[in-house]
Structure formats: structure tokens, C-alpha cells
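Per chain, numbering begins at 1; letters A, B, ... match sequence-line order.
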Amino acid sequence: MSDVCIVGAGIHPFGRTEGRDGMDQGVYAVKQALADTGIKWEDVEFAFGGSSASGAADTMVSQLGLTGIQFINVSNGCATGGSALNAAASAIKSGEYEMGMAVGFDKHPRGAFNADPAAYGLPNWYGEAGYMLTTQFFGAKIMRYLHENGLSTEALGRVSEKAFRNGAKTDHAWRRSEVDLETIMNAPMISDPLNKYMFCSPAEGAVALILASEKKAKELGGPMIRLKTSVMRTRPPGSFEVFAASIDNERGGTATELAAKAAFEQAGMGPEDIDVAQLQDTEAGAEIMHMAENGFCAHGDQEKWLIEGRTEINGALPVNTDGGCLACGEPIGASGLRQVYENVVQLRGTAGERQVPGDPKTAYTQVYGAPGVSAVTILQR
Amino acid sequence: MGAQPIADNLFTDENMTALVGARNKQTGHIFFPLPLTPNDDIEPIALATRGTVWTYTVQRFPPKTPYAGPADPMDFKPYVVAYVSLPGQTMVESRLTGVEPEDVKIGMEVELTAIPLDPDAPADEQIMIHAFQPV
């Protein structure tokens with residue numbers, strides 16, 4: 001079975017771009033990825049892509065060229081990008097194709113995502129009575145996690161402080177200014193214990209990645225960035241997910257734990273082998289929980305790690321080197337692929353001011369979303 | 001008329017004595033609320049009216065639609081949303097009442113009550129929702 005390599009990567013800056021819709025941002029990212037690979041659209045044999053709010057990805061062939069390629073739309077919530085990548089990698093591993101593309105893009109209106117109770121199998125009263133807010137879920141979940149693991153709310157502030165510090169060094173980030181810890185801790189509360197600097201915002205952006213077989217990648221002559229594994233998992237019993245009117249007294253595992261375990265097994269490595277990681281940080285608490293759920297540290301050790309700077313760019317395990325969702329915002333379809341994009345840049349050693357020192361060789365991504373899905377990738381140079 | 005519960009099948013009776021939960025007859029799994037579509041495997045059960053706060057958060061800004069309570073930013077009052085663990089059953093998501101957000105503690109004992117969605121609405125037009133209050 002051929003190894004799958006990422007031979008090209010393109011991104012449309014995240015944040016807000018007036019006058020350019022989500023699809024056009026996707027096309028922009030694709031063109032950038034093609035140029036980065038040094039190929040033409042005609043060379044791409046197949047594509048998987050998706051968006052949550054900006055239309056069917058396959059329609060972008062009208063702008064890229066009617067080459068007749070297989071283009072499959074992916075709709076998997078927050079795991080859309082990860083699922084597109086997963087499917088593209090499988091197509092190459094199967095031996096059917098030599099080179100293809102995964103693309104994700106989105107453009108969301110300002111403010112929190114609005115949700116319809118019926119779409120989640122919930123009665124109307126659930127929304128009318130004021131429970132239909134993702135922010136409540138995140139607040140309640142991390143409130144319990146901090147309590148169980150003896151972590152302070154300042155740990156949340158430290159995650160945000162790091163995100164903005166890294167975002168300030170990142171071309172494609174939305175929030176490009178540092179914010180100090182005191183300012184963060186004194187900001188207005190949104191859903192306790194999370195305040196306005198601790199949530200990411202719905203945003204815009206796009207990422208395209210070109211994948212190729214090992215043979216094709218060698219022909220192209222670029223650095224060999226191998227996709228060692230790409231895994232997507234759904235939730236086990238007893239997990240705690242968004243829009244739950246009730247949760248089981250008996251607590252269970254998480255989709256992320258399942259995905260991480262499978263990814264490390266498939267890649268034949270462990271958390272200690274990873275040089276840089278991009279972890280889902282929809283809000284600051286998510287990064288903290290995901291540090292442990294992915295196996296990088298024990299539950300409860302996160303605050304110590306943050307105080308010691310272990311997840312800083314020059315730390316033992318740099319986490320969210322481009323500022324993550326907190327600094328980049330969250331276009332649902334593109335978010336998971338942004339993490340992989342950032343790792344490609346880090347492994348190539350071209351991340352500039354935010355480059356992880358010491359010539360990183362392995363890089364990890366994890367994206368998590370509703371209703372309890374998680375996707376993990378491991379790259380190796 | 002008088003005050004009305006926000007939905008049928010939420011409480012066991014018009015006095016709003018207990019919440020209606022759902023029990024899977026095959027597995028014994030208990031959850032809340034009853035599913036939207038009837039299912040032969042699911043039977044309604046009365047949920048316990050006392051439990052403990054497992055976790056909570058505070059809704060600090062007025063929600064958008066479909067929220068039907070008072071949402072004017074000028075007089076919006078933040079409300080506490082908790083998961084209340086009912087022993088041997090499930091954890092129910094519920095407002096807390098009779099306690100300030102600053103005074104809520106994980107583990108505190110609470111009991112079921114009903115509160116008006118809009119306290120300023122005329123008494124005979126009030127729509128009632130479930131809430132738990134400190135014991």
C-alpha cells in the first residue's frame with residue numbers, strides 16, 4: 001500500500017473578507033495549492049470537499065475548469081475537512097488514483113451559530129426556554145472539567161493568551177494582536193467560566209490540500225510530507241455533547257479518545273513522538289481537555305504545562321502554533337484542514353516567526369465537533 | 001386559563017409535580033425528555049424531584065430565536081443552566097432558581113419547581129418551565 005503524501009497546500013486568510021463569498025475563498029485556496037504543488041488543475045484526478053454554509057463544493061469546477069474529474073461533496077459538520085482529507089487519502093491508498101485534492105471552505109454570519117431544536121431531535125420548548133446555545137454547552141462542560149481536575153479559570157486565560165500571541169505571528173490568522181492575561185481575565189463573561197476572549201467566533205476561510213501517492217510525490221520533487229494516518233471517530237456511550245437535554249449519570253469516554261488511540265496505533269507511534277500539535281480549541285477549555293484526551297498529558301496537569309510554557313512555540317510540545325480557532329475563527333468546513341495546513345508549513349520549516357524550532361519531524365491535528373465527532377491526522381517528514 | 005406549562009409531556013400533571021422522563025424497556029436506559037416520535041420501546045416515567053448539581057453555567061446574554069423569554073438587552077437577567085443528577089436515573093438539563101449565579105456550587109442539593117418564562121407576564125398568561133431550586 002502506498003504512503004500518501006501532502007504535496008501542496010493553499011489557504012485563503014481566515015477572518016472576514018467583504019465581497020468574497022465562501023466558494024470563491026475555496027477557489028482561491030485551490031489555486032494557491034496548485035501553484036504550491038507546481039501543477040495545473042488538469043493534473044488533479046479527483047477531489048473531496050465541503051462547506052457547512054457556502055454551498056456544494058463540486059460546483060467550483062465551473063471556476064477551476066471542466067475537466068470532468070470525480071468531485072465528491074462531504075458534509076460532516078465540524079469534521080467536514082477532516083473527512084474530506086480522510087476520503088482523499090483512502091482513494092490514493094487504494095491505488096485507484098495518484099493525485100487528488102481535499103478542500104474545505106465556509107463563510108458564516110456574525111454572532112453565535114443559530115440552531116433549530118427539531119434538527120437535533122429536540123422539542124420546541126428546549127429552544128423557547130433558552131437552552132439552544134452552543135456556548136452553554138461549552139461553559140457547563142469545562143466548568144465540570146475544571147472542578148474534577150483541580151484546574152483554575154486562569155488556565156483558560158493562559159490558553160487564550162497563547163492563542164493571540166501565536167495569532168499575531170500568523171499571516172492567515174484573523175486576530176493579529178496580543179492580549180495580556182490580566183485583560184483576558186477581566187473581560188465580560190459569556191457563559192461561565194468562559195468569557196469573551198475564551199471563545200472562537202464563526203468566521204470565513206478556506207484551505208485546499210493536494211495529496212499524492214509516494215511515487216507521484218517523489219516525481220514532484222518537493223519535501224516528502226507523509227500523511228501517516230487520518231482517522232475519524234464518532235462518540236461512545238456516556239459522552240457529553242452539545243444540545244443534550246439529559247446526560248447519563250454513568251460517564252463514558254469521548255470521540256477524541258477513540259480517534260487518538262486509533263491514530264497512534266495506525267501510525268505506530270505515541271504522544272511522546274509528536275513534535276507539534278494543532279488541537280481543537282473552539283473555546284479555551286477545549287484545548288485543555290484535548291491536551292489530555294489525545295494523550296499528551298494527564299488530566300489535571302494542563303495548568304502546570306501552561307505555566308511552564310510547554311505548549312508555547314518553543315516549548316516541549318507546541319500547541320496551536322497559528323493561534324488555533326481562537327485566533328483564526330471557525331469556518332466550519334475549513335477549520336480541520338487549517339490545522340493540517342499549519343502542520344505542513346511547520347514540517348517544511350517555512351512558518352517564519354512562528355516556526356517551531358528544532359526541525360520538527362512529526363505533527364498532529366485533532367478536530368472535534370457536534371454531535372460528538374473527532375478527526376485526527378499525523379504527518380511525518 | 002391560569003399559568004400553563006410550556007409543553008405537554010414535560011411534566012407528569014397540571015400541578016407540575018415531576019418531569020416526564022423516558023425509559024427504554026429493553027435496556028433500562030433513562031433519558032429526558034420523551035422523544036418527539038412515539039417508539040414502542042420507550043415508556044414514560046416520572047423523574048425524581050430531588051438531585052444534586054453536577055455542573056452549571058450562566059447564560060449572560062439574551063439568546064436569539066427560538067428563545068421565547070424576555071430578550072431585551074436592557075432588562076435581560078442572566079440565568080443559571082445546570083445539569084442536575086437524579087440518583088439512579090439521569091442528569092437533567094435545567095434552569096436553577098432561588099440562587100444567585102455566584103452562589104451556585106457543584107454538588108449542591110436541589111429540588112424541582114416550575115418558574116415563569118417571563119416573570120413580568122400577567123399571572124394568568126404565564127408560561128411555566130422547569131427549574132430546580134436549592135433545598
Side-chain angles (χ1 to χ4, degrees), chain A residues 109-149 187-196 198-199 237-238 240-252 283 285, chain B residues 5-10 19 21-22 29-37 47 51 53-71 78-95 101-102 104-107 115 117 127-131:
Chain A
R110 284 161 210 277
F113 291 113
N114 230 359
D116 172 23
Y120 288 82
L122 290 160
N124 285 332
W125 68 256
Y126 188 81
E128 290 163 3
Y131 297 109
M132 205 71 203
L133 292 103
T134 55
T135 40
Q136 283 178 9
F137 158 71
F138 291 119
K141 190 172 183 177
I142 192 62
M143 183 74 88
R144 179 70 196 186
Y145 191 85
L146 296 180
H147 173 83
E148 266 180 18
N149 293 285
M189 203 60 86
I190 302 282
S191 261
D192 304 32
L194 299 165
N195 71 32
K196 76 162 199 169
M198 297 171 184
F199 277 105
F240 184 2
E241 309 297 347
V242 71
F243 303 143
S246 67
I247 52 179
D248 295 345
N249 276 320
E250 193 180 327
R251 307 307 310 136
E283 36 78 34
Chain B
I6 193 166
D8 297 336
N9 293 335
L10 176 57
L19 290 169
H29 183 233
I30 293 171
F31 56 98
F32 166 83
L34 280 177
L36 292 179
T37 46
L47 292 176
V53 172
W54 185 73
T55 191
Y56 70 98
T57 187
V58 185
Q59 179 60 36
R60 297 277 179 185
F61 61 92
K64 294 193 258 190
T65 55
Y67 180 60
Y79 55 87
V80 179
V81 172
Y83 282 90
V84 175
S85 175
L86 306 175
Q89 293 186 327
T90 187
M91 291 197 255
V92 167
E93 191 176 18
S94 172
R95 298 252 196 132
E102 298 68 41
V104 178
K105 294 273 180 294
I106 287 176
I115 58 170
L117 182 55
I127 294 167
M128 305 301 283
I129 62 173
H130 70 286

Chemist: Hey, which of B:G88, B:S94, B:P101, B:G21 has the most heavy atom pairs under 4.5 Å with chain A?
Modeler: B:S94
Chemist: Taking the side chain as C-beta and beyond, is there a heavy-atom pair between B:I30 and A:N249 under 4.5 Å?
Modeler: no
Chemist: For B:F32, which atoms come within 4.5 Å of any heavy atom of chain A: side chain, backbone, both, or neither?
Modeler: both
Chemist: Counting only non-hydrogen atoms closer than 4.5 Å, does B:L86 touch chain A with its backbone (N, CA, C, O), its side chain (CB onward), both, or neither?
Modeler: backbone
Chemist: Within a strict 4.5 Å, meaning less than it, do heavy atoms of the B:Y79 and B:I115 side chains meet?
Modeler: no
Chemist: Taking all non-hydrogen atoms of both residues into account, name the closest pair between B:V58 and B:P78 and its distance.
Modeler: CG1-CB, 3.9 Å
Chemist: With side chains defined as the heavy atoms from C-beta onward, is the minimum distance between A:P117 and A:E128 less than 4.5 Å?
Modeler: no
Chemist: Is it the side chain or the backbone of A:Y126 that comes within 4.5 Å of chain B heavy atoms, both, or neither?
Modeler: side chain
Chemist: Does any backbone or side-chain atom of B:V81 lie under 4.5 Å from a heavy atom of chain A? Answer side chain, backbone, both or neither.
Modeler: side chain
Chemist: Identify which part of A:P188 has an atom lying under 4.5 Å from any heavy atom of chain B, answering side chain, backbone, both or neither.
Modeler: neither
Chemist: Work out which heavy atom in A:E148 is nearest to a heavy atom in B:W54; give both atom names and the distance.
Modeler: OE2-CZ2, 4.2 Å
Chemist: Please determine, among B:T37, B:I106, B:V80, B:I129, the option with the most heavy-atom pairs under 4.5 Å with chain A.
Modeler: B:I106
Chemist: With a 4.5 angstrom heavy-atom cut-off, could you sort out which part of A:E250 is near chain B: side chain, backbone, both or neither?
Modeler: neither
Chemist: With a 4.5 Å cut-off on heavy-atom pairs, point out which of A:G139, A:P193, A:A129 contacts chain B the most.
Modeler: A:A129
Chemist: Going through the checks in order, is the side chain to side chain contact (heavy atoms under 4.5 Å, CB included) test met by A:L122 and A:M132?
Modeler: CA-CA 10 Å; A:L122 290 160; A:M132 205 71 203; 4.3 Å; yes
Chemist: Tell me, side chain or backbone of B:H29 under 4.5 Å from chain A's heavy atoms, or both, or neither?
Modeler: side chain
Chemist: For residues A:F240 and A:Y145, determine if any side-chain heavy atom of one lies less than 4.5 Å from a side-chain heavy atom of the other.
Modeler: no
Chemist: Please identify, among B:P62, B:A68, B:P35, B:P5, the residue contributing the most non-hydrogen atom pairs under 4.5 Å to chain A.
Modeler: B:A68
Chemist: Taking every heavy-atom pair that is under 4.5 Å apart, which of B:I127, B:T90, B:V84 has the most such pairs with chain A?
Modeler: B:T90
Chemist: Could you tell me if the side chain of A:Y131 sits less than 4.5 Å from the side chain of B:Q59, heavy atoms only?
Modeler: no
